[in-house]
Structures are given as C-alpha cells and as structure tokens.
Amino acid sequence: MSTRSLSDRLLDGVERAGNKLPDPVTLFLILIAFLFGLSLLASLGGAAVEHPNTKAVVPVVNLLSADQIRRWLAEMPAIFAAFPPLGMVLLAMVGVGFAEKTGYIGTVLSAFVQRMPAWSLTGTIMFAGIMSNLASDAGYVILIPLAAALYAGAGRHPIAGLAAGFAAVSGGYSANLLISSLDALLAGITQTAARLIDPQITITITANWYLMAALVPLYTAIGIWITDRVVEPRLGPWQGAAGAADIPEVAALNEAQRRGMRRASWTFLVMWVLILAAAIPEAGPLRGPNGSLDQFYHGLVALLAITFLVAGLIYGRTVGAFRTEKEAVKLAAGTMSDLGYYIVLVLAVSQFIKLFEWSNLGIWMAVNSAAALKAAGVTGAVLIVLFLILSSVVNLFIGSASAKWALMAPIFVPVFMLLGMSPEAAQAFYRIGDSFTNVITPMTTYFALVIVFGQKYGKDFGIGSLIAVMLPYALWFGVASIVLCLGWYWLAWPLGPGVGILYPAG
C-alpha cells in the first residue's frame, strides 16, 4: 500500500501529464500554429475592444494575412535578437560562467556550505531571492542556479534549491524592504489613471512600501516551509545525475584554492565598495538624471558580469586553471556552448510572444476580463479577492507587469476610487496578484531558462516537472497574500507613508 500523501500523488500526476508534452521548443512551435488559427477565427468574428488609454478600437489582428506574414518574416531576426532576457543572460553567463569554469564559484560554494548552518540555507536563499528584484532581473540568471548549486553542494536535492530560488525571485517579485524601480514605474501609471477621477491627485513611489515590506517575512517563512516540508521530501534524496560533474562538492580546500579564493573575493569586495561609492551619493557618477538610481539598477547585470569575470581571472590564474590569455578565452567561450539549447529555445519563445502581442489577443483578453469584474459591481473585501484572482489569471497570459498595468489601471483605478478605495490600493493588490503565478506560467520570460537550469540535474526535467514543483509555492503564496490583504483592509492599516486603503482618506 502506497504511503504517499494525496498531495504528492496529485503533484506526481501533474508532473507526468506535463512531461508528456512535447519538448519546450516543439511546444512553442505548436503554440505559434495555434495562435495563427485563433487570430484568424477571432478576426473573422470581429473581435475588438476599446483601448482604455487611447479609446481607439483595437481589433484582433489576423496573423495569417499577407501583410502580417511579410512583417513576421522580415522582422524575425530582430525579434530574436531583441528578446529582452537574451542579452542579459548571455552577458551574465560570460562573467558568472567563466568564474564557474575556473573553479572560483565552486570553491566559494564549498567554503560557504561548510560554514553555513544547515537550518539557515533555505531561509537565506528565500530572503536573498526576494530582495534581488532591486537588481531588476539579475536574480533569475544568478541566484536561481546558485541556489541549486548550494543545495547540491550541501548534499541536498538541487531541484529543491532551484525551486526555492525561483519562488523567491519570481513569486516574490513585488515584495521588498526597500523602494525599487518598479515602484516608480507603476506609480506613474497609477497617477495618470487616478487623475481621470481626481485631477490633483499625486501617487508617490512609497505608496505601497509598508505592504510590500510585510510580504518579505511572510514569503520567506512560507518558502522555508514549502521547500523543506513539501518540495524536498517529495523529490527524495539527491543521488546525483549524469552530466552534472561540475556540481561543487563540499570538500577540504587546498592551499592554492584558499589563496585564490581570498585574492578573488577581496578583489570582488573592493570592486563593489567602489561601485556603491559611485552609486550611493546623490551626485554619484552611476546615478541617472536628477539623482535617479534607475540606470544603476539596470546596469547591475553588467556590473555583476564584470566583477565575476575579474574574480574568475584572479582565481584561475592563482590556481593554474589557465596559463595564457588564449586558454582563458576558451574557458569563457565554453560558457556559451553550455547555453546552446537555451538559444534555440529563445528563438521559438521570442517569436511566440511577439506574435501574441501583434495579434492583440492579449489586450482583448485583459480588457474583457476587466470589464466583467467592473460590471459585477462588487466592493470591499469581495473586490479585493476578485481583483487579486483576476490579476493572477491575466498574469498567466501576459508577462510584463508594467504592460498589464498600463492596460488595467485606466479601468480599475477609477473603479476602486468610485467604490471608496484608494488608487494606491488598486496598485498594491494588482502587484501582489501579478506575482505569485509567475512561477507556473510559461509566459514568464525566464521560465524556459529555469527549465534549462533544472536539466543540469536531471535530463528529464521538463515543463511538467517545473510546474509540479512550483505549484505549492503559487498556491500558498496566493492564499497567504489574500489573507494578508484582507487583514490589511479590515484593520485599515496604511499601505505606505500617509497612504490608506480608503478613498477619500478616512
């Protein structure tokens, strides 16, 4: 008689069903074909919506028209080359991958794991992942594979580490103890929408600070529990995997490794002290116009790549990983060959996402979903719950947080205000709903990359495997978020400095 729990059996079923899907590259090619057919049918049916910003009628576009086919063929190379994560991933992996090839990261991980109490590993990964959104998308390409390697180095299942890192970076994307560039971006959109009702209103970038900060310990605690009590027990003991020979082992370091690690780590630390010294002062050279930190945040991936590359050079030279610059270049080139599958996958994913955008099906779906909620005339706690759920469902189909909010804010911000709730509340609840389903939707631009990371530890790791391992995080992050938002509403706590949930304030 099986001793596996019902939840384990259900997740096993999800994994089996998902892994029966074609290879992700093939799947996205099938989805492109389906998208062509759906756009044709919707276009013939006259599907269209009024754009909430311009008020112009936006029809669903037939992707099979001659004009669209010619456009696609002409722009296909540019679509691939301009896919947002591609350049970031390649740049980051030149630095981080080189540091790994020289052995620097493996040595640091071994030393780190030896000194880290076992009980703190998951919590450290969860907290660091949530806070990593300060560095824009750097957490995806750096922290997630690092988390998997840390688990493997500690003798634990690396997929559990990968899951914890992905849950923190992606599921906790809006949560943070500090103000990020996302706060400024969304506040501008919210203010424009709110001025349809109140022309004098101003939305500050700290409008959601208190609620977003409260999510950090909440998600960290839930992430620890889900990883250690649900995900890792289901995965079972880590037995190692063929092809994963570069996974760091926790072993005693020799003198050359210790010396190389000290030199490289001190160099890495000094470089970051200098970088922060150029970014923290308001007039610092890494600040943007008017002292903005936005450009610094956007440049963090490049800075990380450079500092890891320098650290890898120092470590590799010290331990003899290479002797000439030609050997060093070959090591760096090796990191690109490891990403061959990802590059092929990006070719398919980038075309699908761009075609989906051109079809206007995303706009059509978002506006109609929003209109249905508006027509229901709900308010208070029911409005909060339905809006959180709607935001999470729309997030399954459209990836960009700012793009979705630009479409939804002109409808929902006025609705919230007319129903007695502040525009800042609409923005806060949207941000939360837009985050926790990030970990289970292939429309997230880094979803495919996480699968590639997972295949390092198991060649059969596919879409079903990733969804099955991430589903508990999405469910419990969602439930906890809804409870937190309802409690915040009932207790009338401020969302940020001088910002309440009710409108007008009171």
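Using modelled atom types, one finds no donor on one side chain facing an acceptor on the other under 3.5 Å when comparing W364 with S359. A donor-acceptor contact closer than 3.5 angstrom is absent between the side chains of N62 and Q68. A donor-acceptor contact under 3.5 angstrom links the side chains of N395 and N438, judged on distance only. A side-chain N or O of T122 and one of Y151 form a donor-acceptor pair less than 3.5 Å apart.
Checked against a 6.0 Å centroid threshold, the rings of Y210 and W493 do not count as neighbours. Between F416 and F387, a ring centre-to-centre spacing shorter than 6.0 Å is recorded.
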### Task
For the pair E424 and N208, evaluate side-chain hydrogen bond (donor to acceptor under 3.5 Å, both in side chains) and give the outcome as yes or no after the intermediate values.
CA-CA 7 Å; E424 294 90 347; N208 299 153; over 6 Å; no

### Message
Before you tell me yes or no, could you show the steps for W405 and V413 under side-chain contact (heavy atoms from CB on, under 4.5 Å), namely the whole-Å CA-CA distance, both residues' side-chain angles and the distance that decides it to 0.1 Å?
### Response
CA-CA 10 Å; W405 190 228; V413 168; 3.7 Å; yes

### Query
After noting the C-alpha distance and the side-chain angles of L40 and L63, does the key distance pass the side-chain contact (heavy atoms from CB on, under 4.5 Å) rule?
CA-CA 7 Å; L40 172 62; L63 295 174; over 6 Å; no

### Task
Determine, stepwise, if the pair Y446 / V452 fulfils side-chain contact (heavy atoms from CB on, under 4.5 Å).
CA-CA 10 Å; Y446 289 98; V452 173; over 6 Å; no

### Task
List the steps, then state whether side-chain contact (heavy atoms from CB on, under 4.5 Å) holds for D183 with R431.
CA-CA 10 Å; D183 290 277; R431 293 177 67 175; 2.8 Å; yes

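Distance check, rounded to the nearest 0.5 Å: CG of L471 to CD1 of I226 gives 10.0 Å. Interatomic distance, CG of L484 versus CD1 of I432, reported as 6.5 Å (0.5 Å rounding). To the nearest 0.5 Å, atom CZ of residue F308 and atom CG of residue L303 are 12.0 Å apart. We find the CD1-CG distance between I275 and L304 to be 8.0 Å, quoted to the nearest 0.5 Å. With values rounded to the nearest 0.5 angstrom, N176 atom CG is found 10.5 Å from M212 atom CE. Expressed to the nearest 0.5 Å, how far CD of E75 lies from CZ of F80 amounts to 16.0 Å.
Between Y173 and Y140, the ring-plane angle classifies as tilted under the 30° and 60° cut-offs. Aromatic ring pairs are classed by plane angle as parallel below 30°, tilted from 30° to 60° and perpendicular above 60°; the pair F268 and W272 is tilted.
Side-chain atoms of R195 do not come within 3.5 Å of backbone N or O of Q200 as any donor-acceptor pair. Between the side chain of S422 and the main chain of L502, no donor-acceptor pair closer than 3.5 Å is present. At least one donor-acceptor pair under 3.5 Å links the side chain of W488 to the backbone N or O of P494. Looking only at distances, no side-chain donor or acceptor of T441 sits under 3.5 Å from a matching main-chain atom of T437. The main-chain N or O of I203 is found under 3.5 Å from a side-chain atom of Q191 such that the two form a donor-acceptor pair. Within the 3.5 Å criterion, the main-chain N or O of W209 finds no donor-acceptor partner in the side chain of T206.
Partner of F477 under the ring-ring contact (aromatic ring centres under 6.0 Å, His included) criterion, chosen from F166, W225, Y219: Y219. With I440 as reference, L396 is the one residue of L396, V469, L466 to meet the side chain to side chain contact (heavy atoms under 4.5 Å, CB included) rule.
A salt bridge links R156 with E232: the closest approach of a Lys/Arg side-chain nitrogen to an acidic carboxylate oxygen falls below 4.0 angstrom.
Counting heavy atoms from C-beta on, the side chains of M271 and I306 come closer than 4.5 Å. L35 is listed as a side-chain neighbour of L361, based on a closest heavy-atom distance under 4.5 Å.
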